[in-house]
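The structure presented is a predicted model; accordingly, all values stated were derived computationally and were not measured.
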Amino acid sequence: MMDNLRTAANSVVLKVIFGIIIVSFILTGVSGYLIGGGSNYAAKVNGQEISRGQFENAVASERNRMQQQMGDQFSELAANENYIKTMRQQVLSRLVDEALLDQYAKELGLGISDEQVRKAIFATPAFQNEGKFDNTRYNALVNQMGMTADQYAQALRNQLTTNQLISAVAGTDFMLPGETDQLAALVSQQRLVREATIDVNALAAKQQVSDEEVASYYEQNKGQFVAPEQFRVSYIKLDAASMASAATDADVQAYYDQHQDEFTQPERKRYSIIQTKTEADAKAILDELKSGGDFAAIAKEKSTDVISKRNGGDMGWLEDSTTLPELKDAGLKEKGQLSGVITSSVGFLIARLDDVQPAQVKALADVHAQIADKVKQEKALDAYYALQQKVSDAASSDNDSLASAEQVAGVKAVVTEWFGHDNVPAELNFKPVTDAIFNGGLVGENGAPGNNSDIITVDGDRAFVLRVAEHKAETVKPLSDVKAQVTDIVKHNKAEQQAKLDAEKLLAALKDGKGDEAMKVAGLRFGETKTLSRTGQDPLSQATFELPLPQPGKPSFGMGNDMQGNVVLLALDEVKAGEMPEAQKKAMVQGITQNNAQIAFEALMSNLRKSAKIKMGDIVDQQQ
């Protein structure tokens, strides 16, 4: 048995289940440990089973996490069978890794104390309210996951142990001060360079190109001259928001009368409890209470539930649906009434009914505005769906145009300009709409108009009926239409080749000490000195830092390309050791050590997987 923590965890208040609270994303990291059993397994790791229940629970947690992170986009992904299959495989792989880490941590003798687990529980933000541990919230979240206190404590212990192992691996990498200073000097190094640019565009203007060269390039590169598929679309848009209507007092009254449950706060009761380990202790405390003992004081002194005892045994307000059966069956009806000794799964209890709050129905005046908005919305949706059906019927019965649908909808169809896959008009840029346009089903033969679409709903409150008014298939543009473009490309390619050859000749002359005359003949000269840093991302900065170090009084020469594609000769005159601020140096070292630690951790996991006996079950492809 665990000592204080086990006592705290074995609390009756941890059995309280609060209504609708979304908590799966909070406990994703530990919930995978909690569900065992089942008739088969998802995997065996060195003989340790990952049960089907544990696996499916982890999959559900991952789905909840992705749903909260991605919203409606995840719903689209979840409809893809291959995506879900991949996600399930990734979840199982993660569970296998967790099992391997857990086993390895035990081999190393790593462990987490009861006090560390207890502190982690009280420090968890999910269990806090306004920065303080909230007993009621803790009860709700733990029970919402269907856990016992022991299971949650063990799951948290496993997670903390794994984190301890990861931290141990991550903390093994370091850099010596001398290494840090050398690396900082290298990273912050500056290079003084002069540039001489050969203008490729100027050379291109002087190039001569034959018709044969143009035709040859065109034939070999037709894919560069494709006219993309184009559409003009006619559409009718229906929008529920535009169909708002008034809500009369009679409408509001009728809704209020028919939905009383929506405006009723159920009866709530407030209990206090004292928990003991033995029945004898419970009887002794009950006698003390009947003799006039102070319930709160006795709870703080003698209750073994370290969570509720802090509040004098108070459990907070509970509705009937969230009250423990043990308390319901205790027969407490009157305020201040004490129970007898109650036997429960966590020990023995004495309970007191502190207060009762009767069910309360909110007055119509207090909810009138809320109901009116809801009635307006429902009436608008009713009108929207009715009109949607009429427009759908009209569009399908008169499939040669949208004229009938226009008449029923009471609006004229909108006709777009020409557009393609990459420039869809914003009004139509919804996946269900673009799928209907681009899948070919609405396109007639030889570019002629095709059929009307079915009703296409978007976000539930908008709908479209559309038809492709005109269509142009993807086609290669004829040479006559793109000859000028092809000619410019061929000239530019020839100019690039000439510039590179000229630069190579000049570079050879510079390295032989004959560069001055060669540069003069070429009409080039080096410009003013520039200071470049290693952090520069442009091509010339990168080329400069690839040059060999210059000798005293003798530049080092090279070549590269600038951002405009021109060929540039480089003269590296001097290399300066840079200085790095301490804060930046510290950040650099931290980044390097973290990266090295990540590599070490991946190597550890790889070795653990290679040496482990892992047997996969046959349930990954089964979708629940």
Side-chain angles (χ1 to χ4, degrees), residues 195-233 415-425 428-429 431 433-451 467-508 518 521-524 537-543 546 558-570:
E195 302 173 2
T197 302
I198 300 176
D199 191 330
V200 172
N201 288 332
L203 284 177
K206 301 175 182 179
Q207 301 299 314
Q208 299 297 318
V209 178
S210 67
D211 289 342
E212 289 75 12
E213 288 176 310
V214 171
S216 174
Y217 185 90
Y218 172 79
E219 289 297 328
Q220 295 175 29
N221 299 277
K222 285 186 175 181
Q224 296 182 24
F225 310 107
V226 172
E229 186 178 33
Q230 295 285 297
F231 298 82
R232 288 182 71 239
V233 171
V415 182
T416 70
E417 299 296 330
W418 286 101
F419 66 89
H421 290 253
D422 58 351
N423 63 333
V424 178
L428 298 179
N429 200 10
K431 190 175 186 302
V433 176
T434 56
D435 284 349
I437 294 171
F438 297 140
N439 68 10
L442 304 181
V443 176
E445 295 182 0
N446 300 319
N451 299 320
R467 66 184 286 109
V468 175
E470 292 184 85
H471 173 254
K472 295 177 183 177
E474 179 181 276
T475 183
V476 176
K477 299 176 183 178
L479 177 57
S480 58
D481 289 352
V482 295
K483 187 173 181 179
Q485 180 185 355
V486 176
T487 299
D488 288 341
I489 293 173
V490 175
K491 284 184 176 182
H492 197 273
N493 289 347
K494 293 177 73 173
E496 285 181 337
Q497 294 173 6
Q498 181 182 331
K500 185 176 180 181
L501 289 173
D502 292 346
E504 289 173 347
K505 292 178 181 178
L506 289 169
L507 186 58
V521 172
L524 295 174
Q537 299 299 310
D538 61 287
L540 286 182
S541 292
Q542 296 177 18
E546 292 175 359
M559 58 184 286
N561 295 91
D562 64 13
M563 299 290 287
Q564 291 72 42
N566 298 313
V567 177
V568 181
L569 291 166
L570 301 170

- Roughly how far, to the nearest 0.5 Å, is CG of Leu507 from CG of Leu569? 6.5 Å
- Query: Are the side chain of Thr475 and the backbone N or O of Ala227 linked by a donor-acceptor pair below 3.5 Å?
  - Reply: no
- Who are the side chain to side chain donor-acceptor pair (under 3.5 Å) partners of Lys483, not counting sequence neighbours? Asp211
- Query: Would one find more than 12 heavy atoms of other residues, nucleotides or ligands at under 6.0 Å from atom NZ of Lys494?
  - Reply: yes
- Query: Who are the side chain to side chain contact (heavy atoms under 4.5 Å, CB included) partners of Asn493, not counting sequence neighbours?
  - Reply: Tyr217, Ile489, Glu496
- Item | Side-chain donor-acceptor contact under 3.5 Å, Gln224 with Gln485 | no
- Task: Report yes or no: do Gln207 and His492 form a side-chain donor-acceptor pair below 3.5 Å?
- Result: no
- Message: As an exercise, state the distance from CG of Leu506 to CG of Leu501, rounded to the nearest 0.5 Å.
- Response: 11.0 Å
- Student check: side-chain heavy atoms of Leu428 and Thr434 closer than 4.5 Å: no
- Query: Is it true that the side chains of Asn439 and Asp435 contain a donor and an acceptor less than 3.5 Å apart?
  - Reply: no
- Item | Non-hydrogen atoms of Val200 and Val567 that approach each other most closely | CG2-N, 4.1 Å
- Taking all heavy atoms of Asn451 and all of Gly441, pick out the closest pair and write down the distance. ND2-O, 4.2 Å
- Who pairs with Ser210 by side chain to side chain contact (heavy atoms under 4.5 Å, CB included), at least two apart in sequence or on another chain? Glu212, Glu213
- Message: Taking Gly450's backbone N and O only, do any of them form a donor-acceptor pair with Arg467's side chain (distance below 3.5 Å, no angle check)?
- Response: yes
- Query: What orientation do Phe438 and His421 show, parallel under 30°, tilted 30 to 60°, or perpendicular over 60°?
  - Reply: parallel
- Note on the structure: d(Ser216 OG, Asn221 CG) to nearest 0.5 Å is 8.5 Å
- Query: Can you tell me how far the CG atom of Leu524 sits from the CD atom of Glu195, to the nearest 0.5 Å?
  - Reply: 12.5 Å
- Item | Atom pair CE/CD of Met559 and Glu504 - distance to nearest 0.5 Å | 5.5 Å
- Message: Please enumerate all residues that pass side chain to side chain contact (heavy atoms under 4.5 Å, CB included) together with Asn423, with sequence neighbours excluded.
- Response: Phe419
- Item | Where Leu540 and Gly560 come nearest, the two heavy atoms and their spacing | CD2-C, 4.1 Å
- So, do His471 and Glu229 sit near enough that their side-chain heavy atoms are less than 4.5 Å apart? yes
- Item | Heavy-atom side-chain contact between Val443 and Phe231 under 4.5 Å | yes
- Please name the pair of heavy atoms, one in Ala204 and one in Ala495, separated by the smallest distance, quoted to 0.1 Å. N-CB, 3.4 Å
- Search all heavy atoms of Ala499 against all heavy atoms of Leu203 and return the closest pair with its distance. CB-CD1, 3.8 Å
- Message: Taking side chain to side chain contact (heavy atoms under 4.5 Å, CB included) as the definition, give me every residue that meets it alongside Lys206, ordered by chain and number, with sequence neighbours left out.
- Response: none
- Would you please name every residue forming a side chain to side chain donor-acceptor pair (under 3.5 Å) with Asp502, sequence neighbours left out? none
- Message: What I'd like to find out is whether the side chain of Val214 reaches to under 4.5 Å of the side chain of Leu479, using heavy atoms alone.
- Response: yes
